[in-house]
Amino acid sequence: MKTVYKITILAITVALCAGIITETALLMYGWGALTKTVCYGLAAAGTVFGTVVFFLKKDALLKSCFILEACVFVTVSVVALLSAFAHLNDYPTDAEKVDKLTEIIRSTGSWGMIVYVLIQILQVVILPLPAAVCYIPGSQIWGGLISTLLASAGVIIGSVIAYFIGRLFGKKVVVWIAGKDAVDKYSVYIAGKGKVIFLLMQILPFFPDDILCMVAGLTSMNFAFFATVIILVRPLIIALYCFLGTGTIIPFSGWGIPVWIAIFAVCIALAVLSLKYQDRVEKWLVSRFRRKDGAKEEIKDEEEK
């Protein structure tokens, strides 16, 4: 990625973060301190993280930071505008505001569901967003079961689109979308006898599912196996997020608050460890299963002899 391009992305990211802070301060004055602190925190984190990865020359992380802050900016913009013009600020508590916002979205009927499915498709193909950002809002609006079905439909459709982007348009297009380093690395991992590795990467967190789907289309992996893995694995992971996100299993009040804080702390720690050790984990995973495949082939050759 050219330096000018990276500087532009960083500048836009910082501008988006400034916009989040401005909207929160001017239009969300009726919201509670916790909600506003989260908005300010996301903006500050985006500025710091984007600057750090810019100087560390982590291009993929810089793009991910930009996309995430853009989505946060859009979300805060919608909430802020509704707060100002749909009179959400008139409700005394944040819980009542959220209930009213949920009611507004539900009133859109099937249109709201279609938008939710489209967001899931886009987050697989071009918007690599954290799972919590994509799934949990749906669970708050439509409940665990409906949000699981809607999100699963979108993710499966998006995964199939990503696969055929690789299959039909080739490596140049995938490199343009995902970056050369990532495409080259995962092509080596998945090529040949990489089906087990692909399955495990779909199950384990912090692997780039969107890139893996596109790269799978570049390899010899057949569509039947790819579709089977996606249909069987991804809905289970989505269901975990959606049902937890309803707040019925772990409530968002009382004893649930420290539990959620602990969960978020663990997720942040795992994310940091993933950034630091992901390459090692990937190499260990690949070498381990390739050794097993190699041993099986040797046994098979000896039996044939």
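Heads up: numbering here begins at 1 and tracks the sequence.
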Between atom OG1 of Thr22 and atom CE of Met28, what is the distance when rounded to the nearest 0.5 Å?
13.0 Å
Same hydrophobic cluster for Leu56 and Phe49, using side-chain heavy-atom links shorter than 4.5 Å among ILVMFWY?
no
Are the side chains of Asp94 and Leu34 in touch, meaning some heavy atoms are under 4.5 Å apart?
no
For residues 67-82, which side-chain N or O atoms pair as donor and acceptor with protein atoms under 3.5 Å away, sequence neighbours left out?
unit_1	atom_1	unit_2	atom_2	d
Thr75	OG1	Cys71	O	2.9
Ser77	OG	Glu23	OE1	3.0
Ser77	OG	Glu23	OE2	2.7
Ser77	OG	Phe73	O	2.6

Using only atom types and a distance under 3.5 Å, with no angle test, would you say the side chain of Arg106 pairs donor to acceptor with the backbone of Leu101?
no
With the side chain counted from C-beta on, respond yes when Asp184 and Lys171 share a heavy-atom pair under 4.5 Å apart, and no when they do not.
yes
With a 3.5 Å distance limit and no angle check, can you tell me whether Gln120 reaches the backbone of Ser152 through a side-chain donor-acceptor pair?
no
Please examine the side chains of Ile261 and Ile257, heavy atoms only from C-beta on, and report whether any two atoms are closer than 4.5 Å.
yes
Mind checking the CG-CZ spacing from Leu145 to Phe243? Nearest 0.5 Å is all I need.
5.0 Å
Identify whether Ile20 and Leu26 are in the same connected component of the hydrophobic contact network (ILVMFWY, side-chain heavy atoms under 4.5 Å).
no
Rounded distance [0.5 Å steps], CD1 in Ile21 versus OG1 in Thr47
6.0 Å
So, applying side-chain contact (heavy atoms from CB on, under 4.5 Å) with Phe198, which one of Thr219, Leu212, Val215 is it?
Leu212
So, for Trp142 and Leu150, which heavy atoms are closest and what is the spacing to 0.1 Å?
CE3-CD1, 4.1 Å
Between Tyr135 and Ala239 (side chain of the first, backbone of the second, donor and acceptor by atom type, cut-off under 3.5 Å), is there such a pair?
no
Can you name the nearest heavy-atom pair linking Cys17 to Ala43, along with the distance?
SG-O, 3.2 Å
Heavy-atom closest contact (Ile146 atom, Met113 atom, distance):
CG2-CE, 4.2 Å
Sequence neighbours excluded, every pair satisfying salt bridge (Lys or Arg N to Asp or Glu O under 4.0 Å) that has a member inside residues 239-249
none
Do Phe164 and Arg167 touch side chain to side chain, with heavy atoms closer than 4.5 Å?
yes
Might you point out which heavy atoms bring Ser139 and Cys242 nearest each other, and give the distance in Å?
CB-O, 3.0 Å
Check Gly154 against Ile121 and note the closest heavy-atom contact, atom names and distance.
O-CG1, 3.3 Å
Answer with yes or no whether the hydrophobic clustering places Val117 together with Ile237; edges join I, L, V, M, F, W, Y residues whose side-chain heavy atoms lie under 4.5 Å apart.
yes
Evaluate the side-chain proximity of Val174 to Phe169: yes if any heavy-atom separation is below 4.5 Å, no if none is.
no
Provide the closest heavy-atom pair for Cys39 versus Thr24 in the form atom of the first, atom of the second, distance.
CB-OG1, 3.4 Å
Side chains of Leu232 and Leu236: does their closest heavy-atom pair fall under 4.5 Å?
no
Find the distance between CD1 (Ile157) and CD1 (Ile161) and round it off to the nearest 0.5 Å.
7.0 Å
Within-4.5 Å side-chain heavy-atom neighbours: Ser83 and Leu27:
no
Does some side-chain heavy atom of Ser147 sit less than 4.5 Å from a side-chain heavy atom of Thr246?
no
Using a 3.5 Å distance criterion without hydrogens, assess whether the side chain of Lys97 forms a donor-acceptor pair with backbone atoms of Gly30.
yes
Do side-chain atoms of Thr108 reach the backbone of Ile104 as a donor and acceptor pair under 3.5 angstrom?
no
Distance, nearest 0.5 Å, that separates CD1 of Ile9 from CG of Leu62:
5.0 Å
Find the distance between CD1 (Ile119) and OH (Tyr116) and round it off to the nearest 0.5 Å.
8.5 Å
Co-membership, hydrophobic cluster, residues Val48 and Val38, 4.5 Å side-chain
no
